[in-house]
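Report on the following structure.
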Amino acid sequence: SQQGEEDPQALSIQEGENATMNCSYKTSINNLQWYRQNSGRGLVHLILIRSNEREKHSGRLRVTLDTSKKSSSLLITASRAADTASYFCATGTGFQKLVFGTGTRLLVSP
Amino acid sequence: GAVVSQHPSRVICKSGTSVKIECRSLDFQATTMFWYRQFPKKSLMLMATSNEGSKATYEQGVEKDKFLINHASLTLSTLTVTSAHPEDSSFYICSARFGTSSYNEQFFGPGTRLTVL
């Protein structure tokens, strides 16, 4: 399967703490994207990083990409209860479709 | 960002019936639409990719006669689950994008929860 693996599967933290999620994938990629999904809802695009980029920031989000290790990480700083959701990485291979990782369920407690 | 809607949001049907799910891009013309399936607490699995006016491309293992996809216009794609059975119960999500660049973002609908009794 081309599906990426995410680690950890579940993460529970307190408000104000940082949350780090990791994604590993198997094939060469064109880009890697992170999405958030609230329970029973659709996905919200968070950030896209191209294969020739190593780090990208967007607000409280920081994404890194290491193509030599075929891995990426998503850091959410100063987390809030509203950040509670599932987070998925998705790889784009230059064709149109995305391959999603297994996801990390994040719980941020007040 | 661009808005994608799905209808219905929830549907319960009897085994053997067919169910149609609509996916609409509300404020942009979608070059391509995608249909995903998601089991509880699992990831999204791509079912098929559809381009307006052409036949959908199905992923390996997805029965094209079971899951009929029609992309009638640049703003509407439909997924019909034919002769639904309990194992077809799942969360179905569509997404849409414009342009052909692989860097183009996919915009996701809110999903449709199908329960087959």
Side-chain angles (χ1 to χ4, degrees), chain A residues 1-11 21 23-53 56 58 65 84-107, chain B residues 1-7 9-10 21 23-25 30-52 54 56-62 90-115:
Chain A
S1 169
Q2 292 184 7
Q3 192 172 56
E5 296 287 329
E6 290 189 55
D7 166 56
Q9 290 186 0
L11 179 60
M21 290 159 259
C23 167
S24 60
Y25 55 91
K26 298 177 182 178
T27 63
S28 295
I29 63 170
N30 180 282
N31 65 82
L32 187 142
Q33 303 178 37
W34 285 90
Y35 288 83
R36 184 184 76 216
Q37 183 182 35
N38 289 88
S39 181
R41 306 299 294 272
L43 274 71
V44 174
H45 183 265
L46 295 176
I47 199 166
L48 179 152
I49 187 167
R50 300 186 180 207
S51 60
N52 61 353
E53 296 176 312
K56 206 161 184 180
S58 176
L65 178 64
T84 294
S86 291
Y87 292 81
F88 295 92
C89 66
T91 52
T93 59
F95 298 98
Q96 298 191 67
K97 62 184 183 183
L98 295 174
V99 177
F100 281 83
T102 51
T104 293
R105 294 193 307 279
L106 174 65
L107 172 63
Chain B
V3 179
V4 175
S5 69
Q6 274 184 249
H7 177 79
S9 57
R10 289 179 177 271
I21 302 170
C23 176
R24 292 182 185 273
S25 57
T31 313
T32 309
M33 288 184 167
F34 304 85
W35 286 97
Y36 296 85
R37 182 174 181 176
Q38 185 179 32
F39 292 103
K41 297 185 179 180
K42 297 293 184 181
S43 187
L44 280 75
M45 299 299 294
L46 180 65
M47 300 174 66
T49 302
S50 78
N51 295 292
E52 186 262 342
S54 60
T57 301
Y58 290 81
E59 294 299 301
Q60 193 172 18
V62 177
S90 192
F91 193 54
Y92 293 87
I93 305 176
C94 72
S95 70
R97 64 188 291 177
F98 52 85
T100 57
S101 168
S102 60
Y103 299 118
N104 286 0
E105 180 180 339
Q106 287 187 28
F107 299 95
F108 284 80
T112 296
R113 183 159 309 279
L114 170 63
T115 303

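Every heavy atom of this structure was used, including side-chain atoms; hydrogens, water molecules and symmetry mates were not. First the proteins, then the strands, lettered A, B, ... as listed; each starts at 1. Since the model is a prediction, treat every value here as computed from it, not as a measurement.
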- Item | Whether B:Ser43 side chain and A:Gly103 backbone form a donor-acceptor pair below 3.5 Å |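 No; judged by distance alone, with no hydrogens or angles, the pair does not exist.
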
- Separation between OG of B:Ser95 and CG of A:Leu43, rounded to the nearest 0.5 Å: 9.0 Å

- Just how far is it from atom CZ of A:Arg41 to atom CZ of B:Phe108, taken to the nearest 0.5 Å? 15.0 Å

- Query: Considering all heavy atoms of both residues, which atom of A:Leu98 and which atom of B:Tyr36 are nearest to each other, and what is their separation?
  - Reply: CB-OH, 4.1 Å

- Query: Tell me, side chain or backbone of B:Glu59 under 4.5 Å from chain A's heavy atoms, or both, or neither?
  - Reply: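 Just its side chain gets close to chain A.
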
- Query: Should the heavy atoms of other residues, nucleotides or ligands under 6.0 Å from CD of A:Glu53 be counted, would the total exceed 12?
  - Reply: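 Enclosed: over 12 neighbouring heavy atoms sit under 6.0 Å from CD of A:Glu53.
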
- Message: Quiz question: by atom type and distance under 3.5 Å, do the side chains of A:Gln37 and B:Gln38 form a donor-acceptor pair?
- Response: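 Note: A:Gln37 and B:Gln38 side chains meet the donor-acceptor criterion.
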
- Message: Going by side chain to side chain contact (heavy atoms under 4.5 Å, CB included), name the residues that satisfy it together with B:Arg24, two or more places apart in sequence or in a different chain.
- Response: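 B:Arg24: side chain to side chain contact (heavy atoms under 4.5 Å, CB included) contacts with B:Ser5, B:Glu22, B:Leu26, B:Leu76.
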
